[in-house]
Amino acid sequence: MTRIGAIEAGGTKFVCGIGSERGEIEDRISFPTEGPERTIGQAIAYFKGKGVDAIGIGSFGPIDIRPGSPTYGYVTTTPKPGWSNVDLLGALRREFGVPMGWDTDVNAAALGEATWGAARGLSSCLYYTVGTGIGIGVYAEGRLVHGLVHPEGGHTLPRRHPDDAFAGRCPYHGDCLEGMAAGPAIEARWGAKGHGLPAEHPAWAIEAFYLGQSIAGAVLLNSPEKVILGGGVMQQAQLFPLIRAEVKRNLNGYVSSREIVEDIDGYIVPPGLGQQAGLCGAAALGLAALRGAVG
Ligand SMILES: Nc1ncnc2c1ncn2[C@@H]1O[C@H](COP(=O)(O)OP(=O)(O)OP(=O)(O)O)[C@@H](O)[C@H]1O
Ligand SMILES: [Zn+2]
C-alpha cells in the first residue's frame, strides 16, 4: 500500500499524518506551531522510520512555489515571529529522499476536495478557509493555480456593508476581506468570539455579506464548478444559507447556470472531507508528486 506523508503546516498548529491513495488518514498527530527549528524537527521525527513513499506539505504563507526560484520551498514574508524566510521544504528534503508536493494550505485543501471530496470528478473548485485568516485555494482546468506567486484572494477589497463602521484589522490593508471577515475581525467588531454569538445575531448577516460578495466575484472571475467553505468560522452552519442568498443577490441572475439558479445548496458547500480537509489536501499534494515522479 502506498503511504503518503501529509503535513498541514498552520500558523497555529502543525498536523502530520499518513494517508493512503484513497485519501484515508490512518494516523495523525498535532502540535502547536512554535519556533521553526523545534516545530519542523517534530515533523521530521514523526516521519522517521514510517516508510513514506512521498510527502505533501500544505503550508501557511506566503510561500515560494516558483520552481527554479532560489527560495523555492520557503515560507517568505509572514509576520509570524521567527518564520519569515524559513526553508520548510528544504528541511524535509534533507531528511527524506522521496517525492514532495508543496503548496499553500488552501490550494492543498482544494486539491484534496477535487481528488476525494466535494469536488471529486470536477475540473475546478474554490476552497475558502475562514479562520484566523481567510485564504482561497484555486483549482482550475484540473490543476492548482500558480502564477506570480499564488492566489491571495483573502486580501481583496470588499464593498463595505452600509451598517458597518468597523475599521478592519488586516495589518497590510485594514479593511480587506480578511480584515473584515476573519475570526479575529468578528471578535473585534462585536467584542465576543464567533462561537459566543447566537445564530440570530446581526454579526452573521454582515459576515455573509462580505463572504457572499467575495464568492460572487470569484464565481465571475474563475467560474468554479464548486465552492467549498471551511475553517473555524464556517462551523456556524447558519452562515451557509445567508451566504448563498448573498451570492445570488450579487450575481442578480447574470450567471444563469443550473448550479446557481436551481441548486445553490449543492454548489456552495462545506468540505466533503470535513475536519480532515487540510490534512487530506496535503496527502493529495504528496500523491500528485508521487504520480508525477513515477510518470
Ligand atoms: N465554532 C466557531 N464559531 C465561530 N468562530 C469560530 C469557531 N471556531 C473557531 N472560530 C474562530 O475561527 C478562528 C480560528 O480559526 P480556525 O479554527 O480555522 O483555526 P486556524 O487554523 O488558526 O485558522 P487559519 O486556517 O486561518 O490558520 C478564531 O478567530 C475563532 O474565534
Ligand atoms: Zn489584507
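Residues: numbered from 1 along the sequence shown. Both ligands and their constituent atoms are indexed starting at 1 by order of listing.
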Result of checking Q238, E207, M234 against I243 for side chain to side chain contact (heavy atoms under 4.5 Å, CB included): M234
R169/D175 ion pair, N-O < 4.0 Å: no
Whether F14 and W83 hold their rings parallel, tilted or perpendicular, with breakpoints at 30° and 60°: tilted
Check against side-chain contact (heavy atoms from CB on, under 4.5 Å), I29 and V15: CA-CA 6 Å; I29 57 159; V15 186; over 6 Å; no
Just list the side-chain donor-acceptor pairs under 3.5 Å for residues 38-58, sequence neighbours left out, or say none.
from: R38; atom 1: NE; to: E34; atom 2: OE1; distance (Å): 2.8
from: T39; atom 1: OG1; to: E34; atom 2: N; distance (Å): 2.9
from: T39; atom 1: OG1; to: G35; atom 2: O; distance (Å): 3.0
from: Y46; atom 1: OH; to: D27; atom 2: OD2; distance (Å): 2.6
from: K48; atom 1: NZ; to: E95; atom 2: OE1; distance (Å): 3.2
from: K50; atom 1: NZ; to: Y46; atom 2: O; distance (Å): 2.7
from: D53; atom 1: OD2; to: R3; atom 2: N; distance (Å): 2.7

For a distance cut-off of 3.5 Å, show me each N or O of ligand 1 paired with any protein N or O, plus the separation.
from: ligand 1; atom 1: 3 (N); to: Q236; atom 2: NE2; distance (Å): 2.8
from: ligand 1; atom 1: 15 (O); to: T132; atom 2: N; distance (Å): 3.3
from: ligand 1; atom 1: 18 (O); to: G232; atom 2: N; distance (Å): 2.9
from: ligand 1; atom 1: 22 (O); to: T12; atom 2: OG1; distance (Å): 2.8
from: ligand 1; atom 1: 22 (O); to: T132; atom 2: OG1; distance (Å): 2.7
from: ligand 1; atom 1: 23 (O); to: T132; atom 2: N; distance (Å): 3.1
from: ligand 1; atom 1: 23 (O); to: T132; atom 2: OG1; distance (Å): 3.3
from: ligand 1; atom 1: 26 (O); to: T132; atom 2: N; distance (Å): 2.9
from: ligand 1; atom 1: 26 (O); to: G133; atom 2: N; distance (Å): 2.8

Please output the side-chain donor-acceptor pairs of residues 98-105 that fall under 3.5 Å, not counting sequence neighbours, one pair per line with the distance.
from: W102; atom 1: NE1; to: D64; atom 2: O; distance (Å): 2.8
from: D103; atom 1: OD1; to: N107; atom 2: ND2; distance (Å): 3.0
from: D103; atom 1: OD2; to: H146; atom 2: NE2; distance (Å): 2.6
from: T104; atom 1: OG1; to: N107; atom 2: N; distance (Å): 3.0

Side chain to side chain, S59 and L88, heavy atoms closer than 4.5 Å: yes
Listed protein N/O/S atoms, distance to the Zn ion (ligand 2) under 2.8 Å: H155 ND1, C170 SG, H173 ND1, C176 SG
From I268 atom CD1 to Y128 atom OH, the distance as rounded to the nearest 0.5 Å: 9.0 Å
Check: S123/E225 side-chain N/O donor and acceptor closer than 3.5 Å: yes
